[in-house]
Number of protein chains: 2
Amino acid sequence: MSFDARIRAAIEGDIRSGALRPGDKLPSEHELAAQHGCARATVSKAMAALHHAGLIERRRKAGSFVADQHVHSAVLEVPDLAQLIEARGHVYRWQRLSREQDGAELHVTGLHYEGDTALALESRTIAVATVPDAMDESFDAIAPGTWLLAHIPWTSARHRIRAVGASAEEAQALGIVENTACLILERSTWRADAPVTTVRQVFRGDLFDMVAHFEPSPR
Amino acid sequence: MSFDARIRAAIEGDIRSGALRPGDKLPSEHELAAQHGCARATVSKAMAALHHAGLIERRRKAGSFVADQHVHSAVLEVPDLAQLIEARGHVYRWQRLSREQDGAELHVTGLHYEGDTALALESRTIAVATVPDAMDESFDAIAPGTWLLAHIPWTSARHRIRAVGASAEEAQALGIVENTACLILERSTWRADAPVTTVRQVFRGDLFDMVAHFEPSPR
DNA sequence: CAGTGGTCTAGACCACGCA
DNA sequence: GCGTGGTCTAGACCACTGG
């Protein structure tokens with residue numbers, strides 16, 4: 001194991017086991033370098049990684065300290081529906097319901113099927129100004145999300161997750177009783193501050209959930 | 001700006017703007033060092049950061065490449081209810097409903113209030129073996145989650161998010177109609193592989209949602 | 001002011017994996 | 001083989017900030 005990994009593992013272990021508690025002061029980079037018999041640059045790299053991972057706080061002149069606990073963020077797995085459904089051993093299918101152009105916006109709705117069951121209802125708006133190629137696409141055979149992933153460069157996104165009773169229209173499309181609890185995922189996506197797409201997916205609450213992990217460790 | 005940040009910004013900008021597309025090859029560390037007039041170690045640090053952020057892939061002998069897009073994870077903000085409610089300008093209150101010890105497990109249920117409205121029903125199990133101090137705590141005035149944050153060292157956690165219609169008991173506790181759509185957050189927490197606590201929180205769907213951000217950039 | 005982290009250099013050696 | 005990234009060294013200077 002590299003010095004880098006060894007130093008990180010040693011400190012992370014002390015924090016996890018409780019030997020080091022939040023607020024405790026760590027040795028200086030100089031001391032750690034001497035202890036481990038390596039150069040300060042190597043210690044610096046390890047400490048930077050621990051800092052980046054949120055395990056420690058660092059202050060010039062004062063030193064490095066074990067960070068306070070903060071269970072307030074987790075890595076959410078945003079599902080790629082085709083992948084998710086096939087991983088479950090079922091057949092994925094996209095059925096387009098509508099496609100309308102309204103000025104600079106393209107509106108597409110459709111259903112994501114897991115086998116013969118409608119799992120999610122999607123309504124999407126695509127900003128034609130940012131993704132002009134979308135105008136030439138029918139989205140008849142390919143889901144807009146899949147198509148967009150392959151056609152637009154990097155983006156940032158904001159997700160909102162809620163629980164809502166299905167409306168009459170939503171219930172009918174999904175083949176469930178009105179007012180059944182559904183998980184709503186709304187996602188807005190940007191490319192360098194230009195809006196790309198906004199999507200609302202209504203999932204059958206009885207068939208779908210989301211999972212998120214919180215790992216305070218640096219991978 | 002440091003060389004490190006300058007190099008990262010240059011490459012990230014090219015990726016974001018679309019000048020560099022997924023799969024494109026980046027210059028070698030040697031070339032980048034020459035281009036920017038700095039040492040290879042500095043380039044290496046910048047590239048390692050871009051790799052860690054998921055923007056590039058690196059293969060020995062082959063070189064570095066712009067990574068494929070993958071919108072499949074996001075940072076979920078797991079709410080600290082007291083903070084969240086006070087940020088909304090309301091008064092937060094915890095009301096314990098029950099506390100029972102069952103062998104090595106401590107079971108606590110209660111309500112999280114936003115002003116006079118019950119926002120969430122919580123049922124929690126605490127592993128006494130991992131957190132013995134919990135036996136001396138009534139959880140009458142302080143929510144178990146808040147208490148645990150201050151009393152246990154670092155943990156990992158798994159979250160599951162679902163939409164479910166409220167059961168009769170849940171509906172009564174929350175003051176809503178049975179079968180109303182609710183957001184369920186289940187969280188299990190560990191300390192170094194030892195279970196700490198499992199909690200199930202039932203949120204009123206009409207009053208609560210969760211937000212997550214996806215940022216492909218390094219911070 | 002003195003000690004800390006933050007950054008950088010100009011080398012070096014190694015492991016990997018493509019040609 | 002040989003170019004690539006991965007890691008490391010033994011220095012150095014600077015910026016910040018706490019005592």
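Values below: every heavy atom of this structure, side chains too, minus hydrogens, waters and symmetry copies. These numbers come from a predicted model, not from an experiment.
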- How would you list, by chain and number, every residue that makes a ring pair (Phe, Tyr, Trp, His ring centres under 6.0 Å) with A/His151, sequence neighbours excluded? A/Trp147
- Who are the side-chain hydrogen bond (donor to acceptor under 3.5 Å, both in side chains) partners of A/Arg40, not counting sequence neighbours? A/Glu29
- Message: Within 45 degrees of the ring normal and closer than 6.0 Å to the centroid, is that where the cationic atom of A/Arg99 sits relative to A/Phe139?
- Response: no
- Sequence neighbours excluded, every pair satisfying salt bridge (Lys or Arg N to Asp or Glu O under 4.0 Å) that has a member inside residues 42-54 of chain B: B/Asp4-B/Lys45
- Message: I need the residues from residues 40-48 of chain A with at least one non-hydrogen atom less than 4.0 Å from DNA chain D; give them sorted by number, or say none.
- Response: A/Arg40, A/Ala41, A/Thr42, A/Lys45
- Item | Any pair counted as salt bridge (Lys or Arg N to Asp or Glu O under 4.0 Å), so long as it reaches residues 126-149 of chain B, sequence neighbours left out | none
- Output yes when a side-chain donor or acceptor of B/His36 lies under 3.5 Å from a complementary backbone atom of B/Leu32, and no otherwise. yes
- Query: Between A/Arg60 and B/Ser28, which has a closest nucleotide on DNA chain D that is more 5'?
  - Reply: B/Ser28
- Item | For atom NZ of B/Lys61 and atom P of C/dA19, their distance in whole Å | 7 Å
- Message: Checking the side chain of B/Thr109 only, and the main-chain atoms of B/Ser98 only, is there a donor and an acceptor separated by less than 3.5 Å?
- Response: yes
- Outer limits of DNA chain D sitting under 4.0 Å from a non-hydrogen atom of chain B, read 5' to 3', are D/dG3 to D/dT7
- Aromatic ring pairing A/Phe208/A/Phe203, orientation class (parallel under 30°, perpendicular over 60°, tilted between): parallel
- Task: Report the residue (A/Ala39 or B/Arg58) whose heavy-atom-nearest nucleotide on DNA chain D is the more 5′ of the two.
- Result: B/Arg58
